[in-house]
Amino acid sequence: MKIVTVSGPPSSGKTSVIIKTIEYLKKDQLEIGVVKFDSLSTYDDEMYKKLGVKVKVGLSGNLCPDHYYMTNIEDCVKWGISEKLDMLISESAGLCNRCSPHIRDVLAICVIDNLSGINTPKKIGPMLRLADIVVITKGDIVSQAEREVFAFRAKQSSPRASIIFINGITGQGAYDLSLRLKEANDYESVIDKKLRFSMPAAVCSYCTGEIRIGEKYQTGNIKKIKL
């Protein structure tokens, strides 16, 4: 089974990109499944079901979405194998821009949008810098010059990644991405595989439910600002 990870900031168009790409993949009679990871709620699974795609949803609640993803991805792969899927796509929540959902040797995609500002690629961590493919959306809303500058900044942040522009409404560009997904590696398990970068570290009193402010309430992994 081929495995693909898709990450990106909120509302960048991840789901639209995946749906438009799946429409091309289904023409080859591929059995595709999606696992949608999110924090509090999602309705994206309904969109996948309308497309005839098998889908599961994982909501992390009060946990970091990427830590939740890491402790559940192997079970998701087992589910995909049991459903005899040809391809499993995991869509991450990607909230803090420091997220790190990409696995070594597993095709990694990061979706960012042209409306987020030309400096945004520099502000995004491993989910962009270590991606194999950077998909840029909403390019139809900005000028050609803005598209080129944004793509240049993305390439600066992720030099080895391929850049693909996709229109999430019309699907323009999704065919190119579908060709890349067909080249993804096949796996029966991700046990013992490693992340491309470590997760954000935060094991402190606030992680375990503390809500009071003050140094006397702060324990564990604490980082102070230099003033």
Side-chain angles (χ1 to χ4, degrees), residues 1-10 12-15 17-18 21-22 25 30-39 42 44-45 48 53-60 63-112 121 124-135 154 157-164 177-203:
M1 181 180 69
K2 298 182 183 299
I3 306 174
V4 179
T5 62
V6 179
S7 66
S12 58
K14 297 187 293 297
T15 302
V17 165
I18 294 171
T21 304
I22 288 177
L25 293 171
L30 294 177
E31 190 69 35
I32 300 168
V34 176
V35 178
K36 167 71 178 185
F37 288 93
D38 219 317
S39 296
T42 182
D44 294 340
D45 54 320
Y48 289 122
V53 173
K54 295 178 180 178
V55 59
K56 292 290 184 182
V57 170
L59 300 178
S60 62
L63 300 178
C64 165
D66 269 6
H67 285 256
Y68 178 75
Y69 159 84
M70 270 300 289
T71 54
N72 285 279
I73 187 61
E74 172 58 21
D75 291 332
C76 295
V77 172
K78 290 178 180 176
W79 169 76
I81 296 290
S82 69
E83 293 289 335
K84 297 185 169 129
L85 300 179
D86 297 307
M87 182 182 296
L88 177 67
I89 301 174
S90 72
E91 180 184 350
S92 76
L95 298 175
C96 68
N97 287 345
R98 169 54 183 81
C99 299
S100 174
H102 300 317
I103 302 170
R104 293 181 189 176
D105 302 321
V106 172
L107 185 64
I109 300 169
C110 180
V111 180
I112 53 179
I124 301 178
M127 70 178 181
L128 170 64
R129 297 177 189 275
L130 300 179
D132 299 311
I133 303 170
V134 175
V135 172
S157 296
S158 187
R160 71 185 189 87
S162 303
I163 305 289
I164 299 178
L177 183 60
S178 71
L179 296 179
R180 294 295 303 273
L181 263 62
K182 290 177 186 177
E183 299 172 355
N185 295 328
D186 289 279
Y187 296 102
E188 293 184 0
S189 172
V190 290
I191 292 178
D192 292 330
K193 297 198 72 63
K194 297 180 180 179
L195 285 173
R196 300 190 183 193
F197 201 83
S198 61
M199 291 287 181
V203 183

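Salt bridge status for D45 with K56: absent, with no side-chain N to carboxylate O gap under 4.0 Å. At a threshold of 4.0 Å, the pair D132-R196 counts as salt-bridged, since one of the basic side-chain nitrogens sits closer than that to a carboxylate oxygen. Comment: K193 engages D105 in a salt bridge, judged by a side-chain N to carboxylate O separation of less than 4.0 angstrom.
Inter-residue side-chain proximity for K2 and D86 is flagged as unmet; no heavy-atom pair is nearer than 4.5 Å. A heavy-atom distance below 4.5 Å is not found between the side chains of F197 and R104. Residues V57 and D38 form no side-chain contact, since every pair of their non-hydrogen atoms from C-beta on lies 4.5 Å or further apart. Counting heavy atoms from C-beta on, the side chains of V135 and I112 never come closer than 4.5 Å. Side-chain atoms of V106 and Y187, non-hydrogen and from C-beta on, do get closer than 4.5 Å to each other. Between K54 and E31, some side-chain heavy-atom pair lies under the 4.5 Å cut-off. Within the 4.5 Å cutoff, side-chain heavy atoms of I109 are placed close to those of L177. Using a 4.5 Å cut-off on side-chain heavy atoms (C-beta onward), M127 and S100 make no contact.
For the atom pair OG (S189) and CE (M1), the distance works out to 9.5 Å, reported to the nearest 0.5 Å. Rounded to the nearest 0.5 angstrom, L25 CG and S178 OG are separated by 5.0 Å. The OG1 atom of T21 sits 7.5 Å away from the CD1 atom of I89 when rounded to the nearest 0.5 Å. Residue C110 holds its SG atom at 5.5 Å from CD1 of I124, rounded to the nearest 0.5 Å. We find the CE-CG distance between M87 and L30 to be 6.0 Å, quoted to the nearest 0.5 Å. Going from atom CD1 of I3 over to atom CD1 of I103 covers 7.0 Å, rounded to the nearest 0.5 Å.
Counting only distance, with no hydrogens or angles, the side chain of S12 and the backbone of P9 share a donor-acceptor pair below 3.5 Å. Remark: side-chain polar atoms of S157 are not paired, donor with acceptor, to backbone N or O of R129 under 3.5 angstrom.
Nearest heavy-atom pair, F37 versus N72, reported as atom, atom and distance to 0.1 Å: CE2-CB, 4.2 Å. When all heavy atoms are compared, the tightest approach of S90 to Y69 is OG-CE1, 3.8 Å. Between E91 and T15 the shortest heavy-atom distance is OE2-OG1, 2.7 Å. Of all non-hydrogen atoms in G13 and V111, the two that sit nearest each other are C-CG1, 4.1 Å. The minimum heavy-atom distance linking W79 with V35 is given by the pair CZ3-CG2, 4.1 Å. In terms of heavy-atom proximity, A131 sits nearest to S158 at O-OG, 3.8 Å.
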Please evaluate residues V134 and I164 with respect to the criterion side-chain contact (heavy atoms from CB on, under 4.5 Å), reporting the C-alpha separation (whole Å), side-chain torsions for both, the decisive distance (0.1 Å), and the verdict. CA-CA 6 Å; V134 175; I164 299 178; over 6 Å; no

Would you please test M199 and C64 for side-chain contact (heavy atoms from CB on, under 4.5 Å) and show each step? CA-CA 10 Å; M199 291 287 181; C64 165; 5.6 Å; no

Please lay out, stage by stage, how V53 and I22 fare under the test side-chain contact (heavy atoms from CB on, under 4.5 Å). CA-CA 9 Å; V53 173; I22 288 177; 3.8 Å; yes

For a side-chain contact (heavy atoms from CB on, under 4.5 Å) check, start with the C-alpha distance between I18 and V6, then their side-chain angles and the critical distance, and finish with the verdict. CA-CA 8 Å; I18 294 171; V6 179; 4.0 Å; yes

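Other residues, nucleotides and ligands contribute at most 12 non-hydrogen atoms within 6.0 Å of the CD atom of E188.
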